[in-house]
Structures are given as structure tokens and as C-alpha cells.
Amino acid sequence: MQNTATPTHCPYCALQCGMNLTPVPDGTVEVSERADFPVNRGALCGKGRTAPAVLRSSVRLTSPLVRSEGTLVPASWDEALDRIAEGLSRTRTEHGPDACGVFGGGGLTNEKAYTLGKFARIVLGTSQIDYNGRFCMSSAAAAGIKAFGLDRGLPFPLEDIPKTGCVILVGSNLAETMPPSLRFFTELRENGGTLIVIDPRRTKTAEQADLHLAPRPGTDLALALGLLHLVVAEGRVDEDYVRERTAGWEDARAAAMAHWPEYVERITGVSVPQLRETVRMFCEPESAMVLTARGPEQQSKGTDTVGAWINLCLATGRAGRPLSGYGCLTGQGNGQGGREHGQKADQLPGYRKLDDPAARRHVAEVWGVDPDSLPGPGRSAYELLDALGGDIKSLLLMASNPVVSAPRAAHIEERLRSLDFLAVCDVVLSETAALADVVLPVTQWAEETGTTTNLEGRVLLRRQAITPPEGVRSDLEVMHELAARLGVEKGFPTDPEEVFEELRRASAGGPADYSGITYRRLVEENGVFWPCPAATGDTADTADTADTGVGEDTADGEDAALDAALDLQPDDPARDDTADTADDVHPGTRRLFLDRFATPDGRARFVPVSHRAIAEEPDAEYPVLLTTGRVVAQYQSGAQTRRVDELNAAAPGPFVELHPRLAERLGAAEGDSVAVVSRRGRAVAPARITTTIRPDTVFMPFHWPGEGRANSLTNPALDPTSRMPEFKACAVRLEAVES
């Protein structure tokens with residue numbers, strides 16, 4: 001056992017906070033501060049500090065399980081792998097390759113996500129693969145591609161936030177979802193900048209704001225359009241910027257002008273004076289940012305909603321300039337990298353489109369297969385889950401727990417139960433794993449090496465600190481063994497660095513170009529921002545560099561522009577925290593779009609959008625709006641955090657947050673059991689009565705299974721572009737529950 005600390009990163013959210021791990025006698029690790037990583041500078045939330053608890057053998061899986069006479073029982077690895085291979089092979093033979101589904105997760109490393117997509121398309125030959133990141137940031141990704149030609153969560157590092165003049169934070173409670181990031185916003189205000197928070201609840205984040213707007217859930221699109229209307233009406237449009245760097249303004253302007261302030265006030269509940277004050281605070285500084293999270297994105301109109309906020313940035317010249325821009329606060333640990341390298345239904349590695357013939361040729365060459373053998377795009381995440389037991393007969397699932405996390409969760413649980421065969425790879429026996437025919441115990445963050453890509457687009461190296469317990473294998477080993485059993489002997493290495501070297505070649509020339517990134521650079525430079533093309537002559541550079549406008553020639557321009565904005569000299573230590581690189585090595589792209597956008601003509605695109613109602617408005621039978629979210633002590637479906645005593649003590653179970661006026665009409669007191677009923681299901685949890693929520697809205701966190709499962713209620717209505725379900729707004733009624 002090694003005695004020195006291993007520098008690595010947290011297994012949870014997209015900050016990917018730096019931490020040091022030291023082995024301890026019980027076979028786990030001790031977490032300590034790692035101050036050299038600029039994202040968290042040593043700070044950790046409770047989830048990060050307690051992450052080693054899930055490494056304990058009493059908590060996690062340490063043996064494969066197979067179903068025998070209705071019960072999961074321990075089995076050997078050979079028996080478990082044979083059963084999975086037999087189940088998938090039987091489905092392919094009887095029903096065809098698309099009857100096999102694959103469902104991944106935003107917590108998988110880049111190497112695993114890349115291999116999972118390759119496994120689905122080469123070994124199984126199926127188009128039916130997607131991942132739970134579809135439930136996270138897909139609307140923001142779709143809107144970013146439409147407007148900028150490229151999707152990267154943040155087009156700038158987090159360190160730029162304290163230096164801007166104003167931030168509008170839309171639908172994010174980062175004080176609870178990403179606590180270490182709050183310091184950047186605290187520093188923003190200390191530096192004289194302002195923070196505007198938009199959320200139906202007065203959250204801990206909203207309490208830090210200079211201005212809090214509390215719109216009715218599902219009306220963020222109207223709110224953004226009303227602000228753009230005022231920008232035009234008050235003569236605050238940056239006409240030179242719009243003329244020189246954008247296209248499509250006239251149509252977007254016309255759409256916004258139909259949303260006059262009084263009309264927007266009636267829709268959103270945000271007063272006209274608050275709208276005007278928001279515009280003033282956003283437009284008066286030289287620089288400003290809009291950051292969105294799940295609030296505006298998890299809607300059936302999420303792509304248009306994010307597009308409206310991007311339009312506001314473009315009209316005011318707040319994109320592609322130093323210390324300004326639109327960004328998405330990606331949620332899952334590798335939500336960014338997870339969607340870049342092939343486990344999404346419509347994508348190939350390097351963020352290439354699966355229906356692009358050139359992309360298919362390039363990736364097929366790296367994989368050594370015929371491009372025509374690659375299946376086309378498949379179903380999105382919810383549509384894939386909804387098809388289980390119908391067109392899809394068998395499912396291989398990794399690192400996801402849709403029994404808790406999917407909308408209309410009771411229906412999805414029924415679909416999972418209806419499968420002919422279900423195999424799950426996980427570190428714990430999640431609610432979904434408990435339904436499986438075979439469960440494989442796999443390694444965790446501290447027991448393996450691999451890369452992740454955080455919300456800034458910074459590629460990072462997680463490093464193995466301890467040896468996994470006997471009986472546990474990595475997901476890469478699982479796919480290697482299954483591929484061999486299904487007739488593919490080569491192409492699925494188990495060494496993560498070998499996989500990454502292939503990923504570099506597969507991504508070369510794509511929008512998310514990792515070809516210039518190596519494990520060595522990630523160690524020496526504390527991460528590298530993509531796109532980072534390989535140097536001329538590098539063995540990874542197997543394709544022509546794509547003309548994204550954000551590649552190597554951007555690096556010099558972006559630094560010069562930023563230096564001018566900050567009045568920094570070239571040798572000023574505040575200029576850049578990236579390690580020096582050789583002259584012929586691309587430094588990575590810390591800031592996107594400063595020279596041009598990643599569109600054919602280099603111009604950003606306005607997309608005209610108009611307000612429309614949520615898919616399910618309240619009515620006489622279901623008169624209240626439900627919105628969902630997270631609490632600080634739990635994470636996502638809670639499969640891991642609910643197994644940590646300290647976190648459970650802080651957040652032991654679900655609750656229903658409601659306004660005193662709503663509680664009075666219901667006759668409910670604090671702590672009383674309340675039933676929340678939608679057209680899809682019923683959930684029961686204790687009442688938490690507070691004035692920090694709108695009287696027409698209730699809030700439930702979604703971390704728990706059972707009768708308090710919030711996603712039993714949520715609406716799977718899908719955004720037509722991103723295929724994101726409408727988690728954030730649905731009609732419900734409340735019922736008192738007799739004790």
C-alpha cells in the first residue's frame with residue numbers, strides 16, 4: 001500500500017474539485033485539501049469529503065450477482081459474464097441488433113464513455129444507445145450549437161466570473177449543488193460586480209444575490225424575451241457588434257418585440273420595475289455573463305429558452321468578448337465529456353455527428369471497420385427507456401439509476417421489469433440494479449485511472465490511489481470480456497491510457513478535439529482545455545483540423561484580448577495559470593469565440609423564438625405547479641450518497657416544500673404527511689412550510705425512491721430538439737394524508 005497522497009478529483013459534480021487521497025488501513029482513503037487546483041482551491045463540499053465511505057465493502061458491491069429463482073445471488077465472474085453474453089446474443093439472433101439497448105451515464109470517464117459507444121456500435125451493432133446526460137444539459141447543448149456552432153459548457157474558465165461586471169444566474173442553486181463554486185460569485189460582488197438570480201424559490205443562492213426574480217416555473221422563455229424587448233426599447237443594443245459578429249438579428253428582434261413588459265409580467269409574475277432593473281444591471285457594466293442550469297433547460301421548450309438567453313447576450317455584445325458570454329453550468333461529473341465521445345444516440349467521438357459521412361469515415365478508420373457497418377442515430381434517453389420490453393428486449397446499463405432519476409418513473413420501472421434481459425454495472429445495488437438479471441460490481445473513482453471533462457471544458461486526470469477489492473473489475477475489463485465472448489477479440493483494451501490514445505485519434509479534427517492532450521500533459525498542466533489539436537506530425541493527428549474558429553490560431557488572439565481587457569502585461573502571473581508548453585504544442589483553448597464563432601462564416605446566429613406554455617398547465621383538477629431539484633447533502637438519484645451516514649443525517653428523506661398560504665388551504669402543518677398527485681402518479685412526503693417559495697408552486701427533491709419519489713410525478717413531455725423531458729414544471733394537486 002502506498003503511503004503518499006495521490007492528487008485526483010472528486011467523483012461527484014461537474015466542478016471535479018481537486019483533492020488528495022491517502023490510503024488508510026481499512027482499505028479506503030482519507031481525503032485532504034488540494035489547494036493547487038484552481039476550480040476549488042482546496043474547498044470541498046460534504047459529498048466530496050465523505051466520498052470514501054462508499055468505498056467500504058459493507059456499502060458497495062464486491063461480487064457479481066445473478067438472478068436465481070427470482071433472487072439475486074452471488075456468482076463467479078465467468079458465470080455472470082457468460083449470462084450477459086448469452087442474453088445479448090440471444091436477443092440479437094431472435095430480434096435483430098436494435099433489440100439490444102445500451103444506457104450509459106454522465107459519471108463514466110471519457111475512456112469508458114468512448115468504449116461504451118464503440119461496444120454498442122461494433123460489438124452489438126445497435127443504434128439504441130443513449131445516456132442519462134440527456135436529462136442534464138442537452139437543451140443548453142442544442143441551443144449552443146445553433147447559436148455558436150459549438151457546445152462547451154462554459155466558454156471561459158470559472159476564474160473569469162469574479163472579474164466580470166454582472167452575472168445573471170438562471171435556474172441554478174449552486175450554493176447547494178456546487179458549493180465550492182459559490183466563492184467565485186462572492187468574489188464577483190466583492191469586486192463591485194452584481195449577481196442576479198432567477199429562481200421560483202428564494203434559495204441559498206438567491207439569498208446571495210443583489211436581485212432575485214421569482215418567475216412562475218416554465219416561464220423563463222417569456223422572461224428572457226421581455227428583457228430583450230426592453231434592451232431594444234431602451235436603445236441598449238450593441239449595433240456594431242450585431243452587425244459585425246452576428247446573423248439573423250431582424251427576425252429575433254421581431255419575435256422579442258411581441259413580448260412587451262406588461263405582457264411578460266402577467267405570464268411570469270415578475271414585475272415591470274424588476275425587468276427594467278435587470279436590464280440596467282446587465283447592460284451598464286462593460287462585461288456581463290448569463291449562466292443557465294437545469295431550471296430553464298429541463299423544459300419541453302428548453303432549447304428555445306436557452307436560445308432566448310443567448311439572444312440577450314448577442315444583442316448586448318456579451319458573447320465572444322473577454323469576461324463576457326453565455327455558459328451552461330453542467331451538472332454531472334463527466335456530463336461534458338460523456339456527451340462528446342459516443343454514448344449519445346446521435347454522436348461519434350470528438351462530438352462528431354453520427355449521420356455525417358465524413359465523421360463516419362474518420363471514426364470507422366480508427367476502429368478498423370467499414371463505415372457502412374456503423375448503425376445510424378437511435379432513440380433519445382427517455383424514448384429508449386419507454387421502448388423497453390417493446391422493440392428493445394435486452395438492456396446493458398452502466399452508471400445510471402433510472403428507477404429514481406427518469407421522469408414518469410413508475411412507468412419506466414415497469415418497462416425495466418418487462419425486459420427479457422437486464423444487466424447492470426454499478427458500484428452499489430441501486431434500485432435499478434435490484435431489478436437486473438445480472439449485476440456486475442465495478443471499480444470506483446479512487447480505484448481506477450481515467451479522464452473527465454469538467455464544466456469549463458477542462459480535461460482532467462483522475463488517478464488511482466488504491467487497489468480495488470478482490471471480486472471487483474473495471475468497466476473497461478467488463479467490455480473487453482463481453483466483446484470477446486460476442487466474437488470481437490480485439491479493439492477493447494483494458495488499460496485506460498491505451499483507450500485514451502485511441503480516443504485522441506478518433507477525436508482529431510472534430511469539434512471536441514482532444515488529439516493534442518496526453519496523460520502526461522494533464523498531470524503537468526493541471527488539466528487542458530479542449531479543443532486542443534495535436535501538433536503537426538503528432539501520431540494522434542490523423543485528420544485535418546476542423547475549421548471551428550476556436551483552434552490553435554485562437555490562442556494568441558484570446559490572450560491578447562484578455563490582457564487588454566484586464567490591463568495585464570505578458571508576464572503578469574494573473575494572465576494564465578496554464579503551464580508553459582513547447583512552441584509546437586497547442587496550449588488548449590481556455591476561452592472560446594474571442595476571434596470568431598464556430599460557424600462557417602464565423603458569425604453567431606440569432607434564433608427567433610417565442611413564448612409558449614409548458615406542456616401541462618394547472619387546471620381545476622391539478623391547480624398547483626410542481627418543480628423539482630436537489631439538496632446539498634444528496635446527489636442525483638442518491639444511489640451512493642444515501643449510503644453515507646453523515647449525508648443521511650443532514651438530509652434523511654424527501655419533503656414537500658410549500659408556501660404557508662397553500663398549507664393553510666390544505667390544512668397542513670409543518671411535518672405533516674402530504675400527498676402530491678399528478679396525472680402520472682402519487683408521492684407522499686412531510687410538509688416543509690416556507691415563505692421562500694411561490695404560493696402557486698411546490699418543490700420536491702428527487703433523490704429518493706419509494707413513496708416519496710418525486711419523479712413518479714414528473715412529465716416526460718420532450719423538447720423537440722434536445723429531447724429533454726420537462727422535469728421542472730407539471731400540474732399537481734395536494735392531498736392531506738391522515739397519520
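Keep in mind that this is a model prediction, so the values were computed, not measured. Only this structure's heavy atoms are used, side chains among them; waters, hydrogens and symmetry mates stay out. For reference, positions follow the sequence shown, starting with 1.
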Fill in: Over all atoms of both residues, closest heavy-atom pair of Arg462 and Gly107
NH1-O, 4.5 Å

Item to complete: Enter the distance from Leu385:CG to Ser380:OG here, rounded to the nearest 0.5 Å.
Response: 9.0 Å

Worksheet item: How far apart are the C-alpha atoms of Arg485 and Glu481, what are their side-chain angles, what is the distance that settles it, and do they pass the salt bridge (Lys or Arg N to Asp or Glu O under 4.0 Å) test?
Response: CA-CA 6 Å; Arg485 283 168 167 80; Glu481 292 289 341; 2.9 Å; yes

Discussion item. Testing the 3.5 Å rule here: is there a donor-acceptor pair between the side chains of Tyr326 and Thr292?
Written reply: yes

Worksheet, complete the sentence: The reported gap from CG in Leu592 to CG in Leu154 (rounded to nearest 0.5 angstrom) is 10.0 Å

Worksheet item: Among Thr452, Asn40, Asn454, which one satisfies side-chain hydrogen bond (donor to acceptor under 3.5 Å, both in side chains) with Gln16?
Response: Thr452

Practice prompt. For the pair Phe500 and Tyr519, name the ring-plane relationship: parallel under 30°, tilted 30 to 60°, perpendicular over 60°.
Written response: tilted

Fill in: Note, Leu396 side chain near Phe119 side chain (heavy atom, < 4.5 Å)
yes

Worksheet item: Counting N and O atoms only, with roles assigned by atom type, does the side chain of Asn132 sit under 3.5 Å from a partner on the main chain of Asn401, one being a donor and the other an acceptor?
Response: no

Worksheet item: Would you say the side chains of Asp130 and Gln343 form a donor-acceptor pair under 3.5 Å?
Response: no

Worksheet item: Excluding sequence neighbours, so at least two apart, what forms side chain to side chain donor-acceptor pair (under 3.5 Å) with Lys118?
Response: Glu502

Fill in: Set of residues satisfying ring pair (Phe, Tyr, Trp, His ring centres under 6.0 Å) with respect to Phe103, sequence neighbours excluded
none

Fill in: Exercise: do Ser139 and Glu297 side chains pair donor with acceptor under 3.5 Å
no

Item to complete: Can you see which heavy atom on Met724 is nearest to which on Met137, and at what distance?
Response: CE-N, 4.1 Å

Discussion item. One pair to check against ring pair (Phe, Tyr, Trp, His ring centres under 6.0 Å): His341 and Tyr351. What are the steps and the verdict?
Written reply: CA-CA 6 Å; His341 297 301; Tyr351 224 138; 8.6 Å; no

Worksheet item: Counting N and O atoms only, with roles assigned by atom type, does the side chain of Thr115 sit under 3.5 Å from a partner on the main chain of Lys112, one being a donor and the other an acceptor?
Response: no

Discussion item. Evaluate Arg605 against Asp601 for salt bridge (Lys or Arg N to Asp or Glu O under 4.0 Å), listing each step before the verdict.
Written reply: CA-CA 10 Å; Arg605 302 287 191 265; Asp601 61 4; 2.9 Å; yes

Fill in: Sidechain-backbone polar pair: Glu447 side chain, Gln444 backbone, donor-acceptor under 3.5 Å
yes

Worksheet item: Are a donor atom and an acceptor atom from the side chains of Glu111 and Thr451 found within less than 3.5 Å of each other?
Response: yes

Discussion item. Please tell me whether Thr453 and Gln336 have a donor and an acceptor in their side chains that are separated by less than 3.5 angstrom.
Written reply: no

Worksheet item: Given the rule in the salt bridge (Lys or Arg N to Asp or Glu O under 4.0 Å) test, do Glu498 and Arg505 qualify, once you have shown the distances and angles that lead to the verdict?
Response: CA-CA 11 Å; Glu498 185 177 349; Arg505 297 194 300 275; over 6 Å; no

Worksheet item: Side chains of Thr303 and Thr721: is there a donor and an acceptor less than 3.5 Å apart?
Response: no

Discussion item. Between Thr109 and Asn334, do the side chains contain a donor N or O and an acceptor N or O under 3.5 Å apart?
Written reply: no

Worksheet item: Looking only at heavy atoms, which two atoms of Leu374 and Ala364 are closest? And how far apart?
Response: CD1-CB, 4.2 Å

Practice prompt. Provide the closest heavy-atom pair for Ile392 versus Cys100 in the form atom of the first, atom of the second, distance.
Written response: CG2-C, 4.3 Å

Practice prompt. Would you name the heavy atoms of Ala406 and Phe727 that are closest together and state the gap between them?
Written response: C-CE2, 4.2 Å

Response to the item:
Closest heavy-atom pair, Arg294 versus Cys328, reported as atoms and distance to 0.1 Å, is NH2-SG, 3.5 Å

Discussion item. Going by the rule side chain to side chain contact (heavy atoms under 4.5 Å, CB included), which residues pair with Asp391 if we only count those two or more places apart in sequence or in a different chain?
Written reply: Arg379

Discussion item. Between Glu340 and Tyr514, do the side chains contain a donor N or O and an acceptor N or O under 3.5 Å apart?
Written reply: yes

Worksheet entry | Criterion salt bridge (Lys or Arg N to Asp or Glu O under 4.0 Å) on Arg520 and Glu524, from CA distance to verdict | CA-CA 6 Å; Arg520 179 176 177 178; Glu524 293 176 348; 2.8 Å; yes

